[in-house]
Amino acid sequence: MEMLIQGKIKLSGEVEISSSKNAVLPIIAATILTDEKVVLHKVPHIKDVNTICQIVGKLGKEIQEEDHQLIFTGIIQNLTPPYELVRQMRASFLLMGPLLSRYGKVRLSLPGGCAIGNRPIDLHLKGFAAMGADIKFSGGDVIAKANKLIGNHVYLDYPSVGATENIIMAAALAEGTTWIENAALEPEIVDLANFINKMGGKISGAGTNVIKIQGVDNLSGTEYTPIPDRIEAGTYLIAVAATAGEAVINNVIPEHLKSITAKLEESGAVIEEDKRALKIKREGKIKPVYIKTLPYPGFPTDMQAQIMAYLSFAAGTSIISESVFENRFMHVQELLRMGADIKTEGKSAIIRGVKELTGARVKASDLRAGAALIIAGLSAQGKTIVTENEHIERGYEDIDKKLNQMGANIYLN
Ligand code: EPZ
């Protein structure tokens, strides 16, 4: 599929942010921790949610969808998530913790790398092994077994989001208490902990770098509404600033976006904060800024491509260093095709602002790079065609409709 974008528009009006993809995915994995009914509200219609629901369905869960509500019932009958679905999405690896914790056995194909890096899982496995799991590799799969997981201390060499989430889910039903040290602090981890606690879990410290999980005998069904998507919200903030527009972003938690709004204000945008909304306007020149991506609460790596597109026509030179992933500059080549002046040196990119970008045919390599190319296309002179926009649909609900409601002229073909 291709997305055709008319350039030189100013975004205005309002947009409603959907629930967070990166909160919903681990929460759907965690529905495996109970046989009772779980109802999730305001679940976004995005491809990754569809994929993980297909996998959980193949394991035995019945899933009813009513508009943006998902109802999970039924029991798990199969402990080997299907390869052809797992390989579509790295987050499938989040099924390992709950399956191991409840059933003591799981076979899962090793997640491949992807466009942004080789994406190891050693820290996930370190956590499971610390809790007594026997880990084997066979034919591209990892096979984990444990009669009963026993709580333990796990130190994460790196505050990995996925490893923190997987270990929380494994520890929730383990015997005894688990401590995760140097845990990731992301809001999506707090949301997962809140969800499991609502099921009767005993998790404390989520959102800090030491998380304590007291194992319980079982977890019950519940209802839950995940947090808004801070990366989707950040993407729209940057799109409005990039087009020198003025708009309101509704359904946000402002504190989750602090690093993004701080950088946008540094670049000259004006942002007003309400309790669940942000209003942004940019009228003058874009001032260049220095950015280093870091684990939360630092500037998110998932916003790096989008802010690079915005800075590519700033009045000066910006520097971005990508400290989280080893290869997350695939969007640079595509921005160069639109007339940007960017030089990458290892993990840093030097962005010399040009007067304006020119529309071109460009390719989305991952969902955030795709979002960056949409932002570039909205601001560029002329028309831009973004190909392979299936990547974008993985994590942005109705992005063309939402932008067209704000004055954009985008259509798919
Ligand atoms: C989550 O991925 C997000 N995905 C990513 O969002 C996000 O970019 C990333 O966190 C960082 O914030 C979901 O939540 C579904 P990590 P995850 O484990 O869990 C190293 C998007 O665009 N590492 O924190 O895979 C790894 O190499 C996606 O929505 C190990 O060394 O991220 C990387 O350099 C892209 N060993 C760093 O940690 C491990 O066992 C960050 O990875 C695990 C990770």
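We're numbering straight along the sequence, starting at 1. One-based numbering, in listed order, for ligands and for the atoms of each.
The shortest N or O to N or O distance between Ala163 and ligand 1 is not below 3.5 Å. For a threshold of 3.5 Å applied to N or O pairs, the pair formed by Val161 and ligand 1 contains at least one separation below that value. In terms of N/O distances under 3.5 Å, ligand 1 is not approached by Glu326.
Taking atom 2 (O) of ligand 1 as the reference point, the nearest protein heavy-atom neighbour is Arg119 NH2, 3.5 Å. Atom 22 (O) of ligand 1 has Arg368 NE, 2.9 Å as its closest protein atom, hydrogens excluded (heavy atom only). Looking at atom 32 (O) of ligand 1, its nearest protein heavy atom turns out to be Phe325 CZ, 4.2 Å. Regarding atom 36 (N) of ligand 1, its nearest protein heavy-atom neighbour is Asp122 OD1, 2.8 Å. For atom 37 (C) of ligand 1, the nearest protein heavy atom (residue, atom name, distance) is Tyr158 CE2, 3.5 Å. The single protein non-hydrogen atom nearest to atom 40 (O) of ligand 1 is Leu123 N, 2.7 Å, given as residue, atom name and distance. Counting protein heavy atoms only, atom 18 (O) of ligand 1 is closest to Ser160 OG, 2.7 Å. Regarding atom 3 (C) of ligand 1, its nearest protein heavy-atom neighbour is Asn22 ND2, 3.7 Å.
Salt-bridge annotation for Asp67 and Lys42: absent, with no side-chain N of the basic residue lying under 4.0 Å from a carboxylate O of the acidic one.
Numbered from 1 in the order shown, with element, the atoms of ligand 1 that lie under 4.0 Å from a heavy atom of Val324 read 33 (C), 34 (O), 37 (C), 41 (C). Every atom of ligand 1 is numbered from 1 in the order shown, and the set under 4.0 Å from a heavy atom of Thr301 is 8 (O), 11 (C). Shown in contact with Gly162 at under 4.0 Å from a heavy atom are these atoms of ligand 1, numbered in order with element: 18 (O), 19 (O).
Ring pair His68/His45 is parallel by interplanar angle, where below 30° counts as parallel and above 60° as perpendicular. Between His124 and Phe93, the ring planes lie perpendicular to each other; the angle is over 60°, past the 30° to 60° tilted range.
When all heavy atoms of Ile27 and Tyr224 are compared, the pair lying nearest together is CD1-CE2, 3.9 Å. In terms of heavy atoms, Asp341 sits closest to Val354 at CB-CG1, 3.8 Å.
For the residue pair Tyr83/Asp141, the side-chain donor-acceptor check at 3.5 Å is not satisfied. Asn251 and Arg276 form a side-chain donor-acceptor contact under 3.5 Å, judged by distance and modelled atom types alone. Checked by atom type, the side-chain pair Glu322/Thr293 shows a donor-acceptor distance below 3.5 Å.
For Asp302, every heavy-atom contact with ligand 1 shorter than 4.0 Å involves the side chain, none the backbone. Contacts between Arg328 and ligand 1 below 4.0 angstrom, taking non-hydrogen atoms only, involve the side chain exclusively. Under 4.0 Å from ligand 1, heavy atoms of His124 appear from its side chain as well as its backbone. Contacts with ligand 1 closer than 4.0 Å are made by no heavy atom of Asp366, backbone or side chain. Residue-level proximity to ligand 1 for Lys21 is carried by the side chain, the only part with a heavy atom below 4.0 angstrom.
With a 4.5 Å cut-off on side-chain heavy atoms, Pro288 and Leu311 do not count as touching.
Counting only residues at least two apart or in different chains, salt bridge (charged side-chain N to carboxylate O under 4.0 Å, His left out) contacts with residues 221-239 comprise Glu188-Arg230, Glu232-Lys402.
Within the 3.5 Å criterion, the main-chain N or O of Val289 finds a donor-acceptor partner in the side chain of Ser318. Remark: side-chain polar atoms of Lys263 are paired, donor with acceptor, to backbone N or O of Tyr290 under 3.5 angstrom.
Nearest residue to atom 30 (C) of ligand 1 from Pro120, Ser20, Pro111, Pro159 is Pro120 (criterion: closest heavy atom).
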